[in-house]
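Some notes on the structure that comes next.
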2 protein chains.
Amino acid sequence: MTNVAAKNPRKIAVKATSRRAGAKASARSNLPPKPASNRAERAAERRGAIIEAAMDEFIARGFAATRLDDIAKRAGVAKGTIYLHFKDKESMFEELIRTAIVPLVVRLSSTPPPPGASVRDMVELFAQNFIKEVASTRRGDLVRLIVAEGPRFPAVADFYYREVVTRGLTGMRALIELGINRGEIKQKNLAQFPQIMVAPALIAVIWQSLFGRHAPLDAIAMFRVHLDLIFGERRMA
Amino acid sequence: MTNVAAKNPRKIAVKATSRRAGAKASARSNLPPKPASNRAERAAERRGAIIEAAMDEFIARGFAATRLDDIAKRAGVAKGTIYLHFKDKESMFEELIRTAIVPLVVRLSSTPPPPGASVRDMVELFAQNFIKEVASTRRGDLVRLIVAEGPRFPAVADFYYREVVTRGLTGMRALIELGINRGEIKQKNLAQFPQIMVAPALIAVIWQSLFGRHAPLDAIAMFRVHLDLIFGERRMA
DNA sequence: TGACAATGACTGACCAGTCAGTCATAATTA
DNA sequence: TAATTATGACTGACTGGTCAGTCATTGTCA
């Protein structure tokens, strides 16, 4: 019987402006001028904006304290739009972590191995990449976020353990064994605890996240000292 | 009836919130069979129960997701009672961290230094204490909680930095310098980054908290390997 | 009995998730 | 090609539930 329309008559005429608001919503970060005439493109763009905004908000406030209204506002999108892309807040969070972690792992694990490099060089290169890409960027806060919310999101913790921790440690163990075989590393037991190799890098990430503003830490210099412990002090060049 | 009277504008303008921190001198060892006829004692007991319960809840759920109703229920107290002891949720959280951290620091920093101990022995002893007291107890989750909530509670992060981090690092630096002077430690630069010395211990704490159930880590064995890197591999006994 | 401690029902703000309605664009027809 | 219709992305007011904080009332000790 459509008396529903009568129920809310005021909203009918009002619209005109809000459509244009959509156009100015490209305020999200600094994307290059993108026409995006195609529907699917626009949708993908919006999805990207939501992910970007959600990442910022979750990092800044944590899962529970983050409001979807704020994410929507930051993404330049209505709240309902979020639900076109994600089932609910929780799965949005989990999916977010996944889509942020995977390319990070890919990038870090696909660094070209220099030809005649020593194991030390390889580890140092990796650590430099890691510190540059993670410790001094928003991605570092992402690691902190995982540490913070992990226990409440077993799916996230498991994913992180599987995709990042075991992979990273396996790779590092291989590198350590190579170093032992080549005679670069004396301490045989190190292969049992690859965690030791990366510990300072992780500490640096957490440090920057918590105390960075207050007391910055030269992560790379620290890591070099750490490498000196493992590979022996380097002849100065 | 007449709950409309709640609008009543004249209210008792009292409530200089009771900071009755003075009399807390009750032996808070055994909980269940305690008449505690004395009023101050009972109050202190309740306060303790609230702190205990709040700690559990905050660790399990984080700040934002923790409900005061749950804390009250767990502490066996009505919600209003919490507000007799704490101004609000936020200051409760901050005070909580403080009251939990201080005795921990005291205990760890007041370990009796064995007479003829080497620097390595001292560090190892400290690490064993730390791992035993922190990594494998609820206190480890406390560290994780600080990492998690620190950025949203600058007061907490600052406190932790001042009372724990700088203290710990200063002490560790002194120990390292002693080790260098005694010839136990070769790597002179280590004194610049005492963080390296404790990094594996912290990693162990975080590991247990996140992955412990899934993949336990022998933190003490790991730390020994780490010490071998710094002090040289030990002659086997 | 008076003073204070404790209670828990209540309030109001807040927020995740919904859905009726809108409209730009794509698809279809003439 | 232009006109017409169909689609579904998008919106934002709204709902129902939750929860921090309050305070009138009740209980308890000295």
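Chain naming here is simple, since letters A, B, ... match the order of the sequence lines and numbering starts at 1 in each.
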Under 3.5 Å: donor-acceptor pair, side chain of B/R144, backbone of A/V147: yes
Using 30° and 60° as the class boundaries, would you call the ring planes of B/F211 and A/Y161 parallel, tilted or perpendicular? tilted
Length of the line joining B/E57:CD and D/dA20:C1', which is rounded to integer Å: 15 Å
Taking only residues two or more places apart in sequence or in another chain, which ones pass side-chain hydrogen bond (donor to acceptor under 3.5 Å, both in side chains) with B/D218? none
For the side chain of B/K89, counting heavy atoms from C-beta on, which of C/dC15, D/dG21, D/dT11 is nearest? D/dG21
Presence of donor-acceptor pair under 3.5 Å, side chain of A/K79 and base of C/dG17: yes
Remember a base hit wins even if backbone is also touched, and classify B/L68 as base, sugar-phosphate or nothing at under 4.0 Å, heavy atoms. sugar-phosphate
What's the closest nucleotide to the side chain of B/L84 if the choices are D/dT22, C/dG17, C/dA5? C/dA5
Test of understanding: with ring pair (Phe, Tyr, Trp, His ring centres under 6.0 Å), list the residues that count as partners of A/F223, not counting sequence neighbours. A/H226
Nearest to the side chain of A/T81 - D/dA20, C/dT7, D/dT11? D/dT11
Taking the nucleotide of DNA chain C with the nearest heavy atom to each, does A/A64 or A/G80 sit closer to the 5' end? A/A64
What is the distance, to the nearest angstrom, from the NE2 atom on A/H85 to the P atom on C/dT18? 16 Å
Nearest whole angstrom, please: distance from the C1' of C/dA6 to the CZ of B/R47. 16 Å
If I take atom CZ in residue B/R42 and atom P in nucleotide C/dA6, what distance separates them, rounded to the nearest angstrom? 7 Å
Integer-rounded Å distance: C/dT18 P and A/F86 CZ: 15 Å
Per nearest nucleotide of DNA chain C, the residue lying toward the 5' end, B/D69 or B/A43, is B/A43
Tell me: CD of B/E90 to C1' of D/dC19, nearest whole Å? 16 Å
note: A/K73, atom NZ; D/dT11, atom P; distance rounded to Å ~ 15 Å
Can you identify which nucleotide, out of D/dC10, C/dA6, C/dA16, has its nearest atom closest to the B/R46 side chain? C/dA6
Whole angstrom is fine here: how far is it from CD1 in A/I82 over to C1' in D/dG12? 12 Å
Between A/R167 and A/E163, is there a donor-acceptor pair closer than 3.5 Å when you use the side chain of the first and the backbone of the second? yes
